[in-house]
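This report refers to the structure that appears directly beneath it.
Note that ligands are numbered from 1 as they come in the structure, with each ligand's atoms numbered from 1 the same way. Everything numeric in this text was worked out from a predicted model, so none of it was measured.
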Amino acid sequence: MPNILVLGGTLEATRLVDALARAQLPTTLSYAGRVARPKPQPVAVRVGGFGGADGLARYLRAQNITHLVDATHPFAATISTNAIRAAQLAGTNLLALTRPPWTACAGDQWSHVPDIPAAVQALAGPARNVMLALGRMHLAAFAAQPQHRYLLRLVDAPQTPPPLPDHHILLERGPFDADTDAALMQAHDITLIVAKNAGGTGAQAKLIAARKLRIPVIMIDRPPIPARAQVHDIANVLDWITA
Ligand code: 3Y8
Ligand code: NAP
């Protein structure tokens, strides 16, 4: 009988554990503990770091995990790199469930930047109404561009006010809806959006809204992750587990 550990935090991870629960396959979903109230799940959930790759390898051995699925967000490069090393150390099968990056289509006005610092630099210039749809972990970097009025969409209220003199905080967790995002952008007269190339559908609403409203987007490319076996579909993960 397989014993599965899913590294989660994405819509695809949620859909995967729903399918694993329906198939009655023993599964644990793992969260880092980034938000106060992670979404309830139909499988066992563990919350918190493992203590690096060695800590994750120890967990894999101690829990007799037979299959490790990395279904984390493409910007969660550290845990994904640790998972590759830990699976090697523990001799555990590893498969990543990933989403293809978004690509611009007709009507999109995207400019690509390689990382968060480059997105900050791209904001140099006169004050604008900017929607920072990046969550809470990287807000401090944007203090280098204090001239803008920032719309911040966060899962939890920050412990300390962000170091941005002119900001409005919206507490909301995705998945989001394009019409709601368009109305939000119009209400705040947004003229520029900063987004991570998360892929998938959970965060895509803002891009559909931006296309409709013809708002330019600064698109942050994904950080590099070492090569590992990966699929984009849950069915392929189930086939891999039950093979
Ligand atoms: C803790 C666990 C599900 C999962 C839903 C997805 C979609 C909705 C859209 C915007 C973009 C952002 C952010 C976002 C989305 C999904 C997915 C996704 C982006 C939860 C969750 C956890 C987190 C962590 C959180 C980060 C933040 C990033 C907000 C659960 C709700 C901006 C990424 O306050 C904080 O510290 C938040 C931290 C990491 C990025 C950041 O840098 O701040 N996600 N998000 C996970 C853990 O502890 O391991 O409760 O569901 C999950 C989801 N958030 O099943 O429905 O699949 O990506 N999450 C980004 O893409 O840019 C919001 O506002 O448009
Ligand atoms: P990260 O930078 O890659 O990881 C930093 C450390 O957090 C890891 O070394 C690990 O600690 C711990 N960690 C990360 N994900 C974990 C998980 N699923 N289970 C247990 N420990 C985990 O990760 P991150 O970018 O902070 O993302 C954290 C979580 O939020 C992930 O689950 C990710 O899927 C989710 N998320 C992130 C984003 C984003 O934009 N980064 C967006 C949506 C969802 P130890 O070294 O102690 O093991």
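Among all non-hydrogen protein atoms, the one lying nearest atom 2 (O) of ligand 2 is Thr78 OG1, 3.8 Å. For atom 18 (C) of ligand 1, the closest non-hydrogen atom of the protein is Gly9 O, 4.9 Å. Scanning the protein for heavy atoms near atom 47 (O) of ligand 2, the closest one is Gly51 N, 2.9 Å. Looking at atom 21 (C) of ligand 1, its nearest protein heavy atom turns out to be Val35 CG2, 4.2 Å. Arg34 NH2, 3.7 Å is the protein heavy atom nearest to atom 7 (O) of ligand 2. For atom 31 (C) of ligand 2, the nearest protein heavy atom (residue, atom name, distance) is Gly8 O, 3.9 Å. Regarding atom 35 (C) of ligand 2, its nearest protein heavy-atom neighbour is Gly9 O, 3.9 Å. Ranking protein heavy atoms by distance to atom 18 (N) of ligand 2, first place goes to Ser30 O, 3.0 Å. Looking only at protein heavy atoms, the nearest one to atom 64 (O) of ligand 1 is Arg153 NE, 2.9 Å. The protein atom (non-hydrogen) at minimum distance from atom 23 (O) of ligand 2 is Ala76 CB, 3.6 Å. Taking atom 39 (C) of ligand 1 as the reference point, the nearest protein heavy-atom neighbour is Met137 CE, 3.7 Å. Counting protein heavy atoms only, atom 10 (C) of ligand 2 is closest to Ile79 CD1, 4.0 Å.
At a heavy-atom cutoff of 4.0 Å, ligand 2 is contacted by no atom of Ala198, backbone or side chain. When heavy-atom distances to ligand 2 are checked against a 4.0 Å cut-off, His73 comes that close through both its backbone and its side chain. Looking at Leu134 against ligand 2, nothing comes within 4.0 Å, counting heavy atoms.
Residue-ligand proximity: Asn82 is placed with a non-hydrogen atom under 4.0 Å from ligand 2. At least one heavy atom of Gly52 sits closer than 4.0 Å to an atom of ligand 2. Within the 4.0 Å heavy-atom shell around ligand 2 one finds Gly48. In this structure, Gly135 falls outside the shell of residues with a heavy atom less than 4.0 angstrom from ligand 2. In this structure, Gly33 counts as a contact residue of ligand 1, since one of its heavy atoms falls inside 4.0 Å of the ligand.
When Thr201, Thr14, Thr10 are ranked by how near their heavy atoms come to atom 55 (O) of ligand 1, first place goes to Thr14. Counting heavy atoms only, Ala32 comes closest to atom 16 (C) of ligand 2 of the residues Pro74, Ala86, Ala32. Among Ala71, Gly49, Gly202, the residue whose heavy atom sits closest to atom 11 (O) of ligand 2 is Gly49. The heavy atom nearest to atom 3 (C) of ligand 1, out of those in Glu12, Arg15, Lys39, is found in Lys39. For atom 40 (C) of ligand 1, the nearest non-hydrogen atom from the set His73, Lys196, Lys206, Arg34 comes from Lys196.
Remark: Arg46 qualifies as a cation-pi partner of Phe50 under the 6.0 Å distance and 45° angle criteria applied to the six-membered ring.
Using a 4.0 Å cut-off between charged nitrogen and carboxylate oxygen, Lys206 and Asp181 do not count as a salt-bridge pair. Under a 4.0 Å N-O distance rule, the pair Asp108/Arg214 does not qualify as a salt bridge. In this structure, Arg173 does not pair ionically with Asp156, as no charged nitrogen and carboxylate oxygen lie closer than 4.0 Å.
Tested against Leu152, the residues Leu134, Leu164, Val130 include a single side-chain contact (heavy atoms from CB on, under 4.5 Å) partner, Leu164.
Distances below 4.0 Å separate heavy atoms of Pro38 from the following atoms of ligand 1: 50 (O). Annotation for ligand 2: atoms under 4.0 Å from non-hydrogen atoms of Thr72 are 34 (O). For ligand 1, the atoms lying closer than 4.0 Å to a non-hydrogen atom of Arg173 are 30 (C), 31 (C), 50 (O), 51 (O). Taking every non-hydrogen atom of Arg136 and a distance limit under 4.0 Å, the qualifying atoms of ligand 1 come out as 34 (O), 35 (C), 36 (O), 41 (C), 43 (O). Ligand-side atoms of ligand 1 in range of Ala198: 61 (O), range being under 4.0 angstrom from any heavy atom.
Where the criterion is an N or O separation shorter than 3.5 Å, residue side chain and backbone included, Leu134 meets it with respect to ligand 1. The distance criterion of under 3.5 Å between nitrogen or oxygen atoms is met by Lys196 with respect to ligand 2. Checking only distances, Gln41 never comes within under 3.5 Å of ligand 1, N or O to N or O. Ligand 1 has no N or O atom lying under 3.5 Å from any N or O atom of Gly8, backbone or side chain.
Side chains of Asn129 and His188: no donor on one and acceptor on the other come within 3.5 Å.
Taking a distance limit of 4.0 Å, we find that atom 16 (C) of ligand 1 is approached by no protein heavy atom.
When every heavy atom of Asp177 is checked against every heavy atom of Ala205, the shortest pair comes out as C-CB, 3.4 Å.
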